[in-house]
Amino acid sequence: MPKLRLYNSLTREKEEFSPLDPGHVRVYACGPTVYNYAHIGNARMAVVFDLLANVLRSIYPKVTYVSNITDVDDKIMVAAKESGEAIDAITRKFETIYNEDMAALGVAKPDVQPRATEHIKEMIALCEALIERGHAYAAEGHVLFNVPSFPAYGGLSGRSRDEQIAGARVDVAPYKKDPADFVLWKPSTPDQPGWNSPWGRGRPGWHIECSAMAEKHLGLPFDIHGGGADLKFPHHENEIAQSCCAHGNEKNLSAFAKMWVHNGFVTVGGEKMSKSLGNFLLVHDLIKDTEGEALRMALMSAHYRQPLDFSIEKIHEYKRVLDKFYRILSDLGDVPDVEISVPNTVIESLLDDLNTPKAYAALNLLAKEAQQEKTPLAKSKFLLGGRVLGLLKKNVSDWRFGVVFNEITHDEVKAIDSLLVEREAAKKNKDFKRADEIRDELKAMGFAIEDTPEGPKARKI
RNA sequence: GGCGCGGUGGCAGAAUGGUGAUGUAGAGGACUGCAAAUCCUCGUAUCCGGGUUCGAUUCCCGGCCGUGCCUCCA
């Protein structure tokens, strides 16, 4: 049985993954807050954990992958106020768009995609358990986690409580017993979304939702918890504090999740994407102009823990690669598939801490073999190697070749068609001068002609 | 200031204590009326200085540079 090796943020080491229950691997990854379109940083997280789930499924009989939707959050309230839309209209809308956009990237929907608002009861129960055990207290309608009650706090991010306080740049609320204490539950004004609780009408703090949803859908402890690197502190640190302390596991940070996996950031021009820099790129926009698979391939082109510097050119580069791959598959249209498992060179690369660049190298070799050998085995190895990466999932006939393909107007299609017909006639009469003129004319219009076995084709350049 | 990550060919990006993948871009050639695609060939790539070693891009120490977290954030 092949083994997966994964870098565990909690131990800061690459470890051999061994499931708590080999018959059922359980994974949780923090999903998006749905108040806007997903940017490519959100997409990187979704792609990385989709890939992890794929890899786990290729070696274990059952995998449950849970990734939540955060549909209660102050940012959503702000968005609702600005747009005048109802909160649940916004969250449902962007949840749907998120799932559509991720589907375009070949991301399968998680096995469970719980909504925070549907787990309020569980969150309240967690708060009560924490209060009972002396790890939390109620104050002025809030429930706060008392950080000094948990000496192991900070083990994930490698940050002592003192360091955290020293670096704090926010004013400490007067009702906090300790400056490091964080909110589990907070009161809502009548115009804010809220639920009845033992502490009055209120809403959850950010961190408690993932503790509640992970526990409910996976049970504790579970195998792998993941998310973006920026969630390590405070979000994941606080999840650990809540979930360990609620069940009397104050000494064992692994009592919540055994392994922690964090993906690196997407940068643009070498800097982290941020709204203030205006360098946010939305998946929704990018997939208008290219195949989502090209974006997926670009997002996997660096190791998941490294920063990924993104650019439009990078999408184009991987679009060209995928064009080549699909062209090979097109040439092998008549070659039947055979039933095999994922080729070793690819899966072994992925089992080594999801080394996607290494897997790409392996896939390129398989592509070359498929192209040259044209055998069912070579074709299937290539195809399956791509599939485990979430690539080569489309029918060749549906693949849109070319780097950019904005919508072409009806008039353009007619003009191009007549020029192509004229050029075919000119070629037949050996009037290559006229044929070349037509090539230049189309080039001036922004199209390149490719003569293929099926006849000439125009491609937007 | 505290903690962390990284610096490999034009670009992207693996790996490794001893021939430095792969992709993309570029150059030359084959093929094609021309293109495209495909095939062949090519490129003085491991930030700097010390140390350990028979041997360091890899391990250690010190620099320099870049970047991230410490506040909402994938």
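Below, chain A is the first sequence line, B the second, and so on; all start at residue 1.
A distance of about 22 Å separates the C1' atoms of C65(B) and C59(B), rounded to the whole Å. Comparing G13(B) with G7(B), their P atoms sit 10 Å apart, to the nearest whole Å. Remark: the separation of the C1' atoms in A30(B) and A37(B) is 14 Å, to the nearest Å. Look at the P atom in both C31(B) and G20(B): the space between them is 34 Å, to the nearest Å. Using atom P as the reference point in both A14(B) and C3(B), the two lie 27 Å apart (nearest Å). Nucleotides C42(B) and G10(B) are separated by 15 Å at their C1' atoms, to the nearest Å. Nucleotides U22(B) and A15(B) are separated by 15 Å at their P atoms, to the nearest Å. Separating the P atom of G28(B) from that of A35(B) is a span of 13 Å, rounded to the nearest Å.
Contact annotation for Gly41(A): base contact, defined as any heavy-atom pair under 4.0 Å involving a base atom. At a threshold of 4.0 angstrom between heavy atoms, the contacts of Val266(A) include nucleobase atoms, whether or not backbone atoms are also involved. Using a 4.0 Å heavy-atom criterion, one finds that Leu231(A) contacts the sugar-phosphate atoms exclusively. Across all strands shown, Lys430(A) has no heavy atoms under 4.0 Å from either base or sugar-phosphate atoms. Counting any heavy atom pair closer than 4.0 Å across all strands shown, His303(A) reaches sugar-phosphate atoms only and no base atom. Contact annotation for Asn355(A): backbone-only contact, meaning every heavy-atom pair under 4.0 Å involves sugar-phosphate atoms and none involves a base. Contacts of Arg327(A) with the nucleic acid, taken as non-hydrogen atoms under 4.0 Å apart, involve only primed sugar atoms and P, OP1 or OP2. The residue Arg44(A) sits apart from the nucleic acid: no heavy atom pair falls under 4.0 Å. Nucleic acid contact class of Lys232(A) (heavy atoms, under 4.0 Å, all strands): none. Note on Asp451(A): a base of the nucleic acid sits closer than 4.0 angstrom, heavy atoms only. Across all strands, Lys272(A) comes closer than 4.0 Å to base atoms (heavy-atom distances).
Listed candidates were A35(B), G23(B), A74(B). Nearest to the side chain of Glu317(A) is G23(B). Candidate nucleotides A74(B), G33(B), G23(B) were compared by shortest atom distance to the side chain of Asn364(A), and G23(B) ranks first. With C70(B), G23(B), A12(B) as the choices, the nucleotide that has an atom nearest any side-chain atom of Phe233(A) turns out to be C70(B). Which of C5(B), C39(B), C69(B) sits closest to the side chain of Gln306(A) comes down to C5(B). Which of C34(B), U24(B), A14(B) sits closest to the side chain of Val321(A) comes down to U24(B). Residue Arg320(A) places its side chain closer to A25(B) than to any other of A25(B), C5(B), G33(B).
Summarising the geometry, the separation between CG on Asp440(A) and C1' on G33(B) is reported as 15 Å, rounded to the nearest angstrom. Summarising the geometry, the separation between CZ on Phe401(A) and P on U38(B) is reported as 11 Å, rounded to the nearest angstrom. Counting to the nearest Å, the P atom of C72(B) and the CZ atom of Phe265(A) are 14 Å from each other.
Across every strand in view, A14(B) sits unpaired, with no contact that passes the Watson-Crick or G-U test at under 3.5 angstrom. Both distances falling under 3.5 Å, in either a Watson-Crick or a G-U wobble arrangement, place C59(B) opposite G51(B). Base pairing of G4(B): its partner is U67(B), meeting the Watson-Crick or G-U wobble criterion (both donor-acceptor distances under 3.5 Å). Remark: G20(B) base-pairs with no nucleotide in the shown strands. Criterion, Watson-Crick or G-U wobble with two distances under 3.5 Å. Searching all strands for a Watson-Crick or G-U wobble partner of G26(B) with both distances below 3.5 Å returns C42(B).
Asp285(A) and Lys288(A) are joined by a salt bridge, as a carboxylate oxygen and a charged side-chain nitrogen come within less than 4.0 angstrom of each other. The pair Glu291(A)-Arg400(A) counts as a salt bridge, with a side-chain nitrogen and a carboxylate oxygen less than 4.0 angstrom apart. Salt bridge status for Lys314(A) with Glu317(A): absent, with no side-chain N to carboxylate O gap under 4.0 Å.
Nearest-nucleotide assignment on RNA chain B puts the 5′-proximal partner with Glu271(A), out of Gly227(A) and Glu271(A). The nearest heavy atom of RNA chain B to Tyr318(A) and to Asp73(A) marks one nucleotide each, and the one closer to the 5' end goes with Tyr318(A).
Contact between the side-chain N/O atoms of Arg12(A) and the OP1/OP2 oxygens of G4(B) is not found at any separation under 4.0 Å. For Lys368(A) and U38(B), the shortest distance from a side-chain N or O to OP1 or OP2 is not below 4.0 Å. The shortest distance between the side-chain N/O atoms of Gln371(A) and the OP1/OP2 oxygens of C39(B) is below 4.0 Å. Neither OP1 nor OP2 of G33(B) sits under 4.0 Å from any side-chain N or O of Lys433(A).
Relative ring orientation between Phe145(A) and Phe182(A) is described as parallel, the plane-to-plane angle staying below 30° on a 0-90° scale split at 30° and 60°. A parallel orientation is assigned to the rings of Tyr326(A) and Trp399(A), their planes being inclined by less than 30° (bins at 30° and 60°).
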Report task. Evaluate side chain to side chain contact (heavy atoms under 4.5 Å, CB included) for Leu420(A) paired with Ile449(A), printing each intermediate quantity in order. Result -> CA-CA 8 Å; Leu420(A) 287 181; Ile449(A) 301 171; 4.0 Å; yes

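Using modelled atom types, no side-chain atom of Ser380(A) and backbone atom of Leu377(A) make a donor-acceptor pair closer than 3.5 Å. A donor-acceptor contact shorter than 3.5 Å is absent between the side chain of Asp178(A) and the backbone of Pro148(A).
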